[in-house]
Amino acid sequence: MTSPDASLPDTLRPRLPSPLREAHDVRFARRGVRLLLKRDDLIHPELVGNKWRKLAPNLAAAGGRTVVTFGGAYSNHLRATAAAGRLLGLATVGVVRGQELARRPLNPSLARCVADGMRLRFVDRATYRRKAEPAVLADLLRAADVEHAYVVPEGGSNPAAVRGARALGGELRGAADVAAVACGTGGTLAGLAAGLAPAQRALGVAVLGGGFLTADVRELQRAAFGGPRGRWRVEDRFHHGGYARVPPVLDAFARDFEDRHGLPVERLYVAKLLWGLVALLDEGAFPAGSTVAAVVTGRPFP
Ligand SMILES: *Cc1c(COP(=O)(O)O)cnc(C)c1O
C-alpha cells in the first residue's frame with residue numbers, strides 16, 4: 001500500500017504516527033484501567049485530526065479538480081476541506097444545508113471557509129437530503145458552475161477516507177484493549193476497526209441520535225474493504241440530544257477534563273467521547289487491568 005501523503009506537498013505534511021500518551025486520571029486509576037490519549041489533533045495545524053486521515057487520500061485522488069463537498073453550518077469537514085484547498089491551491093465548493101443561512105451573516109465556521117477560498121452554495125433541506133441522487137447532484141454542480149468536480153460526500157466518508165483512517169488502527173495495534181472514537185458519519189470508526197489487531201476492539205460513541213450508525217459503518221466497510229473488518233460497536237447513549245447539542249453538564253465535564261489533563265477538548269465530538277468513556281467506566285464496562293485509548297479527533301474551534 002502506498003502512503004497517501006506521498007503525492008502531497010509540504011504544506012500538508014503530517015505528524016504521523018500521532019503521539020500516544022497516558023493520561024493519569026483518578027477515575028480510571030480507581031478501577032485499575034489505564035487511559036491513553038491518541039493525539040490525532042496534533043497531526044496537522046490546519047487539517048486537524050481524523051480530517052487529515054480522511055481527506056489526504058481524497059485530495060491526492062482529486063488530481064487538481066474542483067473539490068465539491070457537503071456539510072452543515074458548523075461542519076469541521078467543510079473547514080478542513082477549505083483549508084486543504086488553500087494549502088494545495090485547489091478550488092473548493094461547499095454545499096451547505098439550509099437555504100435560510102444565505103440571508104444571514106456567516107457564522108465563524110463558514111466565514112473561515114470563505115476566507116480559505118471555498119465557494120459556498122446554500123441549499124434547502126429537502127434538496128440537501130437528496131444530494132447523493134445523480135440527477136440532484138448534477139443540478140447542484142451545474143448551478144455551482146463546476147465543470148470538473150471531485151465530489152466528496154458529507155463528512156468526507158467514502159472508501160478512500162475509510163482506507164485512510166485504517167492507519168489510525170494500525171498505529172494503535174497492541175497499544176490498548178479498546179480504541180474509542182467519536183462518530184459522526186462513522187468513516188473513522190470503520191477504518192479504525194479495520195486497522196486494529198484481532199484481539200482489540202473498537203468502540204464508537206455516536207454524537208447524534210437516530211441509531212443508523214451501525215448500519216452505516218457496516219456499509220462503509222463493505223464499500224472500502226469488500227466486507228466486515230475487525231471487532232467494533234457503536235454506543236448510542238451519549239449524544240446529549242443530537243448533533244452540535246452541548247448542554248451545560250457536558251460543557252462543565254469538558255472544562256473539568258481540560259483542567260485535569262491540559263487537553264483542549266473539542267465539544268461536538270471529543271467531549272461526548274470522553275463523557276461516554278467515563279460513563280461506561282462507571283458501569284464497569286472496562287475490566288481492571290485493561291487499557292482504553294481515546295482518539296482525540298479534533299480541537300476546539302475557533
Ligand atoms: C468529523 C469529526 C469526527 C467524526 O468522524 P466520522 O468519520 O464522520 O465519524 C470526530 N471528531 C471530530 C473532531 C470531527 O471533526
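Remember, it's a predicted structure, so these values are computed and weren't measured experimentally. In listed order, ligands and their atoms are each counted from 1.
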Which heavy atom in [X] sits nearest to a heavy atom in [Y], and how many Å separate them?
X    : Y    : answer
F70  : H77  : O-CD2, 3.6 Å
A294 : L274 : CB-CD2, 4.1 Å
R53  : P57  : O-CD, 3.3 Å

inquiry  = Taking atom CZ as the centre, does R112 end up with more than 12 heavy-atom neighbours from other residues, nucleotides or ligands that are less than 6.0 angstrom away?
reply    = no
Hey, which atoms in ligand 1 end up nearer than 4.0 Å to a heavy atom of [X]?
X    : result
G298 : 13 (C)
G184 : 4 (C), 6 (P), 8 (O), 9 (O)
T188 : 5 (O), 6 (P), 7 (O)
K54  : 5 (O), 6 (P), 7 (O), 8 (O)
A182 : 4 (C), 10 (C)
C183 : 9 (O)

Show me, pair by pair, the donor-acceptor contacts under 3.5 angstrom made by side chains of residues 184-209, not counting sequence neighbours?
residue, atom, partner, partner atom, Å
T185, OG1, S157, OG, 2.6
T188, OG1, N50, ND2, 2.8
Q200, OE1, G174, N, 3.4
Q200, OE1, A197, N, 2.9
Q200, NE2, L172, O, 2.8
Q200, NE2, A176, O, 2.8

Minimum-distance protein heavy atom relative to [atom]:
atom                    : answer
atom 5 (O) of ligand 1  : N50 ND2, 2.9 Å
atom 13 (C) of ligand 1 : T297 OG1, 3.4 Å
atom 8 (O) of ligand 1  : T185 OG1, 2.5 Å
atom 10 (C) of ligand 1 : Y269 CD2, 3.2 Å

query = For atom 1 (C) of ligand 1, which candidate among K51, H77, K272 holds the nearest heavy atom?
reply = K51
task = May I ask you to list the residues sharing a hydrophobic cluster with L220, side-chain cutoff 4.5 Å, ordered by chain and number?
result = V162, F225
key: Exercise: do T297 and D40 side chains pair donor with acceptor under 3.5 Å   = no
query = Is N76 in polar range of ligand 1, meaning some N or O pair under 3.5 Å apart?
reply = yes
key: Any N or O of G186 closer than 3.5 Å to N or O of ligand 1   = yes
note = Test side-chain contact (heavy atoms from CB on, under 4.5 Å), reference L47, set T11, T81, L55, output is L55
task = Applying side-chain contact (heavy atoms from CB on, under 4.5 Å), run through Q221 and R218 and close with a yes or a no.
result = CA-CA 5 Å; Q221 287 200 329; R218 202 174 287 135; 6.0 Å; no
